[in-house]
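Notes for the one structure printed next.
Throughout, a chain's letter reflects where its sequence line sits, starting with A, and its residues are numbered from 1. Since we're looking at a predicted model, the values are computed, not measured.
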Protein chains: 2
Amino acid sequence: MKYNKDTSEKILDAAVREFETKGYSGTRMQAIADRAGINKALLHYYYKSKDALFQIIIQKAFKVFIPKVISAIDEETDLFETIEKFTSSYIDNLIQHPRIPAFITLEINNNPERLLGLIQSSGVNVEKFKQKIDTAIEKGEIIDVEPIQLIVNIISLCLFPFVAKPIITGLVLNGDEKVYEKMIEERKQEVSKFIIRAIKK
Amino acid sequence: MKYNKDTSEKILDAAVREFETKGYSGTRMQAIADRAGINKALLHYYYKSKDALFQIIIQKAFKVFIPKVISAIDEETDLFETIEKFTSSYIDNLIQHPRIPAFITLEINNNPERLLGLIQSSGVNVEKFKQKIDTAIEKGEIIDVEPIQLIVNIISLCLFPFVAKPIITGLVLNGDEKVYEKMIEERKQEVSKFIIRAIKK
DNA sequence: GTCTATAAGGTGATAGAC
DNA sequence: GTCTATCACCTTATAGAC
């Protein structure tokens with residue numbers, strides 16, 4: 001057996017934690033090795049280079065960050081149900097991986113070229129969602145909104161509280177993490193209520 | 001005269017551009033010097049160290065990022081007018097400094113301790129805003145909402161489109177920057193309309 | 001004030017023993 | 001598979017000439 005799977009995963013876990021908080025350039029291979037309880041040489045034995053290791057991690061993170069919108073949209077549910085389902089499942093997903101949004105925005109601003117490739121291979125189709133919004137307008141179910149604005153609003157309300165956790169906790173919640181977590185949990189319902197009330201005719 | 005103000009500002013401008021896009025650890029003193037058209041030694045003559053230079057810049061950026069909410073809140077306007085005034089002036093402010101939100105979230109997640117000091121010296125008082133929301137609920141002007149959720153929603157809708165510019169442009173707008181700018185410009189009105197419709201009784 | 005040269009220490013990556 | 005030792009390069013910062 002060439003690779004010890006246990007060691008391989010220990011490294012990956014350690015690398016995720018380092019990259020997520022420090023970003024690519026702020027992360028040291030030594031720090032990853034220390035956290036994994038091994039040495040730098042072994043790290044290079046399992047993963048060729050810092051960049052190779054990073055690629056693996058950012059691709060995994062991107063899959064969490066860009067949700068499978070399609071499955072929710074393809075179904076023959078109306079716009080309201082689509083929004084409810086999307087926001088609650090997306091926020092729930094982010095609660096399981098709370099550091100991903102900050103990590104992605106951190107590195108995506110740093111290296112937008114890499115983003116494009118990842119988006120293209122993500123298979124997300126926003127057009128279908130736009131169409132669903134247009135249909136709801138035509139049917140008179142919602143007020144006349146710009147689909148893009150609505151989509152940006154939905155994404156903003158789901159993601160930003162995770163991106164800006166330290167700011168929200170410090171500025172609005174007096175540093176109380178427990179209150180932060182409760183607030184996020186409530187958003188699984190509150191966000192869709194807020195959106196639907198804003199657009200329903 | 002000990003310092004050439006022109007050189008000093010050229011350095012600061014160059015440093016802002018480097019730090020904003022690359023973050024602290026991704027920025028090279030050489031790159032700042034190159035951009036400013038001087039050499040590294042002179043850079044250290046004007047600003048003691050990389051860290052000192054960074055401190056100055058992040059403090060300036062923070063002042064843009066954390067708006068002077070107080071002035072809008074202290075006035076005897078109702079909640080709706082406060083929200084309209086806040087969102088439009090804040091977004092307008094961010095249009096002038098579009099890279100600040102990404103920069104702050106980038107570094108704030110990196111070094112949350114620094115954040116606390118900056119918040120304390122920012123003089124922002126969220127309590128007053130919460131009270132204004134509570135008053136509006138009591139008066140029956142808006143539906144019964146959790147003030148914290150509403151505040152988080154407002155901040156999210158203003159800031160996230162700037163934080164995630166590359167994602168939005170790539171994912172939703174097919175890479176068209178012109179469309180992005182038009183969309184942001186429209187948000188100066190759209191955001192408050194959206195919020196008020198969601199909470200008005 | 002501005003430059004060149006260089007010190008002092010870190011950083012990713014590899015060679016080679018076990 | 002895992003380690004120690006080390007290379008080659010990069011980065012911040014300073015010394016000292018002009």
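Side-chain nitrogen and oxygen atoms of B/Ser49 include none within less than 4.0 Å of the OP1 or OP2 phosphate oxygen of D/dT12. Listed pair B/Asn39 / C/dC3 meets the phosphate criterion, a side-chain N or O lying under 4.0 Å from OP1 or OP2. Contact annotation: A/Arg28 does not reach the phosphate of C/dG10 (side-chain N/O to OP1 or OP2, under 4.0 Å). An OP1 or OP2 oxygen of C/dA13 is reached within less than 4.0 angstrom by a side-chain nitrogen or oxygen of A/His44. Side-chain nitrogen and oxygen atoms of A/Tyr46 include at least one within less than 4.0 Å of the OP1 or OP2 phosphate oxygen of D/dT2.
Looking at B/Glu181 and B/Lys178, no side-chain N of the basic residue comes within less than 4.0 Å of a carboxylate O on the acidic one, giving no salt bridge. Under 4.0 Å is where a charged nitrogen must lie from a carboxylate oxygen, and between B/Lys165 and B/Glu177 at least one such pair does. Ion pair B/Lys182/B/Glu185 not flagged as a salt bridge, since none of the NZ, NE, NH1 or NH2 atoms sits closer than 4.0 Å to an Asp/Glu carboxylate oxygen. At a threshold of 4.0 Å, the pair A/Glu84-A/Lys193 does not count as salt-bridged, since none of the basic side-chain nitrogens sits closer than that to a carboxylate oxygen. Between B/Glu141 and B/Lys201, no side-chain nitrogen of the basic residue sits less than 4.0 Å from a carboxylate oxygen of the acidic one, so the salt-bridge criterion is not met.
The listed nucleotides are C/dG12, D/dT12, C/dT2; the one nearest the side chain of A/Lys50 is C/dG12. Set against D/dT2, D/dT12, C/dC3, the side chain of B/Met29 has D/dT12 as its closest nucleotide. Comparing atom distances between the B/Thr7 side chain and each of C/dT2, D/dA13, D/dT4 picks out C/dT2 as nearest.
Rounded to an integer number of Å, the gap from A/Tyr47 OH to C/dA13 C1' is 17 Å. Per the geometry, CG belonging to A/Asp34 stands 14 Å off C1' belonging to D/dC3, to the nearest Å. Here the P atom of nucleotide D/dC7 and the NZ atom of A/Lys40 are 13 Å apart, to the nearest Å. In this structure, A/Ile38 atom CD1 and D/dT2 atom C1' are separated by 9 Å, rounded to whole Å. Atom NZ of A/Lys22 and atom P of C/dG12 are 12 Å apart (whole Å). The nearest whole Å value for the distance from the CD atom in A/Glu18 to the C1' atom in C/dG12 is 15 Å. Regarding B/Asp51, its CG atom lies at a distance of 12 Å from the P atom of D/dT12, rounded to whole Å. Protein atom OH of A/Tyr45 is 13 Å distant from nucleotide atom C1' of D/dC3, rounded to whole Å.
Backbone-only contact: A/Thr27 has heavy atoms under 4.0 Å from sugar-phosphate atoms and none from a base.
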